[in-house]
There are 2 protein chains.
Amino acid sequence: MRSDGRLARMLHVLVHMALLGGRETSERIAEMLNTNPVVVRRTLGALRDHGIVASEGGRGGGWRMAKSLDEITVLAVQRALDGGPILPAATSSDHPSCPVERASNAVLVAAHAEAEARLVEIYGATTLSEIARAAMETAKGQA
Amino acid sequence: MRSDGRLARMLHVLVHMALLGGRETSERIAEMLNTNPVVVRRTLGALRDHGIVASEGGRGGGWRMAKSLDEITVLAVQRALDGGPILPAATSSDHPSCPVERASNAVLVAAHAEAEARLVEIYGATTLSEIARAAMETAKGQA
DNA sequence: CATTCTGTAACACCACTTGTTACGCAATGA
DNA sequence: TCATTGCGTAACAAGTGGTGTTACAGAATG
């Protein structure tokens with residue numbers, strides 16, 4: 001089905017960056033994400049525009065956290081990546097004046113709005129520090 | 001963003017078919033949906049496989065409802081169109097053994113599962129007869 | 001002033017829905 | 001019997017959106 005791995009990737013890399021503490025270059029982050037430095041710049045750039053990370057060019061530059069993990073919610077990352085609805089209702093617009101089409105669309109829009117509200121509630125209540133804690137517990141359990 | 005107008009289109013056309021009562025050809029349904037007969041056959045075919053509509057070939061053939069509107073939920077139509085998750089979590093799989101990636105994915109999967117549960121609850125509680133009633137009230141109000 | 005970074009444009013690729021053409025098969029009815 | 005009607009399906013192009021990649025400009029450092 002549909003996929004947009006950006007949110008998952010950003011959560012992943014933000015936690016790593018915070019745990020590592022210092023500055024990371026796009027090159028190194030790309031290795032963490034098993035991808036390309038340009039993709040990293042593109043995606044982290046959106047987070048920088050929302051004050052989650054900061055970037056510096058030139059020698060010794062790279063990316064660093066602009067907030068601590070407990071100040072960043074999953075919702076904030078999502079919003080930085082995409083300002084639109086998270087779960088847009090897929091409506092039809094074949095005959096916009098048709099009452100049946102409108103009623104069908106209205107049902108879908110209302111349902112998606114409720115589902116998105118639930119998702120936003122959870123995203124907004126989850127900080128990245130919780131993810132970091134869960135990860136460290138898992139790692140400890142495996143060690 | 002993402003779009004998959006099939007569900008909206010099927011709700012639309014099912015209500016119309018029920019209101020019209022008789023048999024409709026792919027050609028006429030395509031006109032309702034402002035699309036192509038082949039697309040109609042493709043999509044209605046999935047509903048036929050789940051007992052929502054029935055099709056007959058040959059002269060005088062076409063499509064007819066196999067159930068009444070109050071026996072069909074939005075959820076049933078959705079399931080007929082796609083058996084998988086409605087709101088799959090977009091996870092990453094760059095480093096499957098990385099605890100941080102796993103923890104990030106787990107958060108997303110859990111959140112999406114809750115949102116989908118809410119969506120399924122609403123879809124399952126909404127029958128097409130409710131859409132038909134809403135559409136007729138709208139039409140009446142406009143007339 | 002060379003090096004090391006980010007910033008960004010440009011393009012190909014992949015996956016998926018949609019639109020379209022073409023053709024096969026079944027059922028009807030003269 | 002046979003032409004007509006309508007579904008069933010394969011095949012292919014188009015549009016969309018994230019991803020991967022190359023190339024190059026700009027800025028900061030030492």
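Just so it is clear: chains get the letters A, B, ... in the order the sequence lines come, proteins before strands, and each one is counted from 1.
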Enumerate donor-acceptor pairs with a distance under 3.5 Å from any side-chain N or O in residues 36-43 of chain A to protein atoms, sequence neighbours excluded.
unit_1, atom_1, unit_2, atom_2, d
A/N36, OD1, A/V38, N, 3.0
A/R41, NE, A/S26, OG, 3.4
A/T43, OG1, A/V39, O, 2.8

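- A sub-4.0 Å separation between OP1 or OP2 of D/dG6 and a side-chain N or O of B/R23 is absent.
- Remark: A/R59 pairs with no residue by the side chain to side chain donor-acceptor pair (under 3.5 Å) rule, at least two apart or across chains.
- Counting any heavy atom pair closer than 4.0 Å across all strands shown, A/E56 reaches sugar-phosphate atoms only and no base atom.
- OP1 and OP2 of D/dT5 both lie 4.0 Å or more from every side-chain N or O belonging to B/T25.
- The separation between B/E27 atom CD and D/dT4 atom C1' is 15 Å, rounded to whole Å.
- Note on B/S55: every side-chain N or O is 4.0 Å or more away from OP1 and OP2 of D/dC7.
- Residue-environment remark: CZ (B/R28) stays at or below the threshold of 12 foreign heavy atoms within 6.0 Å.
- B/R64 has its CZ atom 15 Å from the C1' atom of D/dG6, to the nearest Å.
- The backbone N or O of B/P96 lies less than 3.5 Å from no partner atom in the side chain of B/S93, so there is not a single donor-acceptor pair.
- Contact annotation for A/R48: backbone-only contact, meaning every heavy-atom pair under 4.0 Å involves sugar-phosphate atoms and none involves a base.
- Among the nucleotides D/dG18, D/dG8, C/dG7, the one closest to any side-chain atom of A/W63 is C/dG7.
- Salt bridge A/R118/A/E121: present, at least one basic N to carboxylate O contact under 4.0 Å.
- Taking atom CD on A/E24 and atom C1' on C/dC5, their separation rounds to 14 Å, with Å as the unit.
- Computed from coordinates, the B/L44 CG to D/dC7 P distance equals 9 Å when rounded to whole Å.
- In this structure, of C/dT17, D/dC7, C/dT6, it is D/dC7 that holds the atom nearest to the side chain of B/S26.
- Checked by atom type and distance alone, the side chain of A/E101 pairs as donor or acceptor with a backbone atom of A/H95 at under 3.5 Å.
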Per-nucleotide protein contact string for nucleotides 21-30 of chain D (B base, S sugar-phosphate only, - none; heavy atom under 4.0 Å): BBB---BBB-
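- Annotation for A/V74 and A/L7: closest pair O-CD1, 4.2 Å, computed over non-hydrogen atoms.
- Using a 4.0 Å cut-off, some side-chain N or O of A/R9 falls inside it from OP1 or OP2 of D/dG20.
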